[in-house]
Amino acid sequence: MSEAIIVLDGLEKRYGSIRALEGLTLELPPGPTGLLGPNGAGKSTLIKLLLGQLEPSGGRARIAGFDPTQRAQRLALRRKVGYMPESDCLIPRMNGVEIVTALGRLTGMTARDAMTRAHEVLDYVELEEARYRGLDEYSTGMKQRLKLAQALVHDPELLLLDEPTNGLDPKGRKHMLELVHDLGHAQGKSLLLCSHLLPDVERTCEHIVMIDKGRIRSEGSIEELTRSEANWVEVEVEGDLAAFQARLGTEGYELEATGPQRLRVKVMEPDGDRLFELAGSCGAIVSELSIERSSLEDVFLETLARTEVPAT
Amino acid sequence: MSAETHLEVYRPFLGKLRDDPLRFWPLTTTGLRTALKQRRALFILYLPALIVTVVVCFVVYVKFTAEGMLHGEGADEKLDFQGQLVKGMVLAQAEQLLNVVSLILEFSKGMGGFALLAVTWFASGLFCEDKKAGAHQLYFARPITRLDYFLGKFLIAAFFAAWAMLVPLLSVCIAATFCSPEWSFLKQEWDVFFRVIAFSCLWTVVASSLVLTASALASRKSFALLGVFGFVMISVPIAATLGEFVDKRLFALALLIDLDALAQEFFGRTDTENPVSLSGALVAVSALLAICWSVIWLRLRRLEVVA
Amino acid sequence: MTTVLQCHELGRYYGQVVGLNELTTELGSGIIGLVGPNGAGKSTLLRLIVGEIRPSRGWLKVLGEVPFGNRELYRRLGFCPQQDALYEDMTGYDVVRLLLRLGGYSPRESKERAERALERLSLTGRMHSRVSTYSKGMRQRVRIAQAIAHDPQFLVLDEPMTGLDPLGRREVLELLRALGASGTHVLFSSHILYEVEHLTAEIVLIHRGRLLAKGALPEVRALLSKHPRRVELGARRARDLARALIGCEEVVSVRVSSTIESEDRLSIETRAVGPFFQRLNAIAAAERFGISAVRSADASLEAVFDYLIA
Amino acid sequence: MKELARAAWILFQAHLWRIFRTRRAYIAAGLAGLPVALAVLVRFVSHFEGPPPLELLVSIVWFFLVQTIVPLVSLVMASAVIAEEIEDRTITYLFTRPIPRPSILLGRWLAVALPIAVMLVASAELVVRLLENTGTEQGAKEWMPEGMHGSILQTVLMGGVVYSALFAAAGALFKRPMLIGLGYTFVYEGFLGNLPGANQKATVVFYLRSFLFSEHRSLAGEAEEAIFSIPLVEPGAAVRSLGLILVGALVLGAWRFARREYVLAA
């Protein structure tokens, strides 16, 4: 893979006495990465730096091949970065197509390119006829997809998505997650996803970077962070529960009851096949099975707790 | 609806992203297209302007024909008493209108006030509505600087000012040129064209800057409207009082009085007694511009950093 | 079972946009979840219930009375609106106290009730600082506090959990459960299903302004019995498992979908769940398919939701 | 009625303190301070032999303070009385309280009317004080026709109260009260108020003018022509008319406000 799209080396940012970012050293791996952290951890400052809107107070960085310490490069790098803001943002009195086209042209596209490209990205996010209507008729889901479309209009290498699934209903959320997943995996875009909804991060990203108080707390692939050595498997059993428990006991499985007809069993293999065999042998039926992976949420709270920072 | 993979195909963009100096221009064109959607406001504001312009052109036409009749030789004796009376009246009227330029002067003062009104309505939302809607987050994620953002918006305001002032004034001058016998208007008074253009451009810059400053300061369009109306209305009694009781030059504090003074000077009409001299008006106006631009510069800086 | 709410052919239109379309239902006591996608008419129904707007057609009665402009009813009603709107320059304490004073309480009692309500929302620490300095979660809690401060008989909340981070969500859920337990009727709307799922006994499903289903989750499920039940399986050798399962006659359909998780997922539809699980266990015991997940999708609201909306 | 009064009183108290934290209050105070600043400037810069000419007093008090500052201050403060609650969407909390809706308009209007009145009367008082003892001492006292000082303060007070009621009602009646207020002040009154003819009677400024100048007709000197284009009403009638406008505006605004359903943006 070519050189990582974001390389930070001791990046710092101070607002007067407040140290917003204290020496971030990070190499963004390809594919989608989750940026996690409680409110006020420095996430928005980092995003502004990656967008070239702020000048770093210290350290070195290369963003999409540009050096953000020079003003001209800070402007040029925005051609390579697509930003989807968190809060509501629309250009007053314009409909969907006009907004995306206008922003396309502001990135240096000719009028014709901007128009055709606008329709392409609006097709991609599936905003069919809504693109011709004013934004007051847009649902939250449609507004989020329009924000994604405007971030894609100039086909950037790096995508910064700030809380893309915030406030969406299940259908909208599922749709947005598919888009993000498709962009990150199928299209091979480098993607930094900022979100409070950790299940969403878990479903779309491969790596996460956790930032708090302006410092990187932990970094790595979700697989590693959430894999527990042995797998705890939670099952719901119908039929002869006692016999099943006894059978597991004799086989030396560690287990504990977690509710009527529900058990938690410690298993060495990555799947539950063995349990089916044992259940079958003593007349019990497994009607529900799930491998308990410590969800990203627990990792998130654990990391924060470890550093005694009261989450807001 | 099962969660099968996403259907739509993402197509990369093969075109090129140019970095031309006119980065701000798309901001103007898209902004104008949006502003021109306000049909009702356009109608209410620009229809009266159109009517007034047509009337003035007609008056210019009447003036020149009257002048023609005046020079007709040997026509006096044959006219009976009635004819004499009518001719006398027309003669008097021609005398009074003899000078088209003073007509244009009065017209330009009127259109100056109207231009301010038009720019106030169309341009007072340019900055504050962007900020309220969060559009600045979209703009400043694009490769444009604060100066581009200002220029783009400024040209939108200037467009409305030009249509309210430059176009009517020029059309009157052109009408005068055609109506005047053997283009005499163009030959004798050709400098009026340049004066009209210069005066309109100066007033466009002043009006646009004032309105954009109000828009940059206000959190809502209605506050910006209040700011512009308030400033213009308050400056008149203050200037009148100070000018009257302290120092004549202080009349220049009132923007509308400056407008009159500038019009007088630009069209070389110094006969009518005007409390403010050209230099006084220019000093006042340039001070106002300096304040406006520095306020805008500060507000936009805060907008981008805080965005 | 006291009926908290009755409405008959209740409709509300904003111009041609339909807010609510002929809703006829009756809601009893306890905690009730109002579920539906964005724009389904949840907010419209709640604002009709608290009498902020008038119905365009039909009628409704809350606690036996017509709500619009009904000042006496407001003493027994608590409403937490959806929009994140508060008096920014007042302190959280002042906001709740003012609203209590307007609710007819004496200055002293307003003070006590305000403190008690804010304490219940664990806001005591910051209640005297200005609302503009509050985080989203704290603003949400002030809005809930003002709704419960006068101990209403019927508490209505519009999307109380939106915008809260995981901690805030858990706290609000606990509070609502406690209120429900103490006898207050609670009606709250949400479009985040897992919140509603493990809090409410009863749900009301509305979509495009229409009532789709009402009752306890299993009841709603039974109501839709004509829809076959769905079981989702996750396995390493998903396709082989699918081939094995298609043979059983209990299975109506098998769909393979490679979703965003790493493994492929099977989505099985079956009429008889019991016999199907027996068959599944037998097949799984006989051969190793690397089954990592078995979930009867119908139990969760998300499935019911998808069925009804799809 | 008792409920209306009680709710209005509570809202009046709550919002009276809030007013001083809003930016509107500072803008309004700044505007009200302008005539005083002008008077100070004139007093120190120019030196009059005897007491200052009455034109100076008329110029600052009438043309500047009453005709421009009073409506502007009232507009800045009062137009937001209802519009702010709707725009910030906090109206929901008040609508779901057991209080009559008109009390919201009445309570919040009173909470702005009081500071407006205080600001304007203070401004007028300072201007008169400053101009009164400019120049030499001995001529100062009988400089102004007796009773004039009192009527200036009353004019400014009534102007502030009536205009603020008008603009508060506009907030309940129209979607863009600021625009309506600006249109009324600078276009309708500014234009219609100075045109000769009976139509002046349809403007608030006419009654203020009548109240202030009808007994001191000679006051304005050569500016008289500009002011007295039509015969003025005697003060008693002027006050009655202003009272009528005040009550009419509040009742209309309250009636409309009570019936209106606010579809708040989601």
Side-chain angles (χ1 to χ4, degrees), chain B residues 38 40-41 44-45 48 110 113-114 116-118 120-122 124-125 128-129 131-134 211 213-251 253-257 275 299, chain D residues 22-24 27-28 30-31 34-35 37-39 41-48 52-53 55-69 71-73 75-77 79-80 83-84 87 127 131 134 167 171 174-183 185-187 189-190 223 226:
Chain B
Q38 300 173 36
R40 223 156 25 95
I44 295 169
L45 281 169
F114 167 69
L116 183 59
L117 191 64
T120 303
W121 176 256
F122 282 104
S124 57
C128 53
E129 277 177 354
K131 182 158 177 278
K132 197 164 174 232
V211 173
T213 309
S215 189
L217 286 169
S219 58
R220 273 201 296 268
K221 178 169 179 176
S222 46
F223 274 0
L225 285 171
L226 177 77
V228 176
F229 265 103
F231 172 78
V232 170
M233 285 304 159
I234 284 178
S235 60
V236 173
I238 288 185
T241 311
L242 289 177
E244 195 71 36
F245 297 100
V246 175
D247 177 343
K248 211 162 66 57
R249 287 196 315 269
L250 289 176
F251 273 107
L253 284 177
L255 197 57
L256 296 180
I257 297 176
R299 293 294 288 185
Chain D
T22 58
R23 217 150 54 115
R24 286 170 184 277
I27 297 173
L31 288 173
L34 284 178
L38 188 60
L41 195 64
V42 170
R43 177 152 176 248
F44 286 112
V45 170
S46 64
H47 24 72
F48 302 96
E55 288 71 23
L56 176 57
L57 180 71
V58 168
S59 170
I60 294 185
V61 166
W62 175 257
F63 282 107
F64 189 24
L65 180 54
V66 177
Q67 263 199 328
T68 314
I69 292 297
L72 265 181
V73 164
L75 182 59
V76 164
M77 298 278 279
S79 62
E84 196 179 43
E87 192 134 334
V127 166
L131 295 187
T134 51
F167 297 136
F174 306 107
K175 240 163 28 73
R176 297 180 64 100
M178 181 69 84
L179 197 62
I180 303 284
L182 280 173
T185 314
F186 295 117
V187 179
E189 279 210 341

Between [Y] and [X], is there a side-chain heavy-atom distance shorter than 4.5 Å?
| X | Y | answer |
| --- | --- | --- |
| B:Arg220 | D:Met178 | no |
| D:Val76 | B:Phe223 | no |
| B:Thr241 | D:Leu41 | no |
| B:Pro237 | D:Gln67 | no |

Mind checking the [atom1]-[atom2] spacing from [X] to [Y]? Nearest 0.5 Å is all I need.
| X | Y | atom1 | atom2 | value |
| --- | --- | --- | --- | --- |
| B:Leu226 | D:Arg24 | CG | CZ | 9.0 Å |
| D:Ile60 | B:Glu244 | CD1 | CD | 11.5 Å |
| B:Phe245 | D:Leu56 | CZ | CG | 4.5 Å |

Checklist outcome for this item: Of D:Leu182, D:Thr68, D:Leu34, D:Leu75, the largest count of non-hydrogen pairs under 4.5 angstrom with chain B goes to D:Leu182

Item to check | Smallest separation among heavy atoms of B:Ile234 and D:Phe64, with atom names | outcome: CG2-CE1, 3.7 Å

Item to check | Under 4.5 Å from a heavy atom of chain B, the part of D:Ile27 involved | outcome: neither

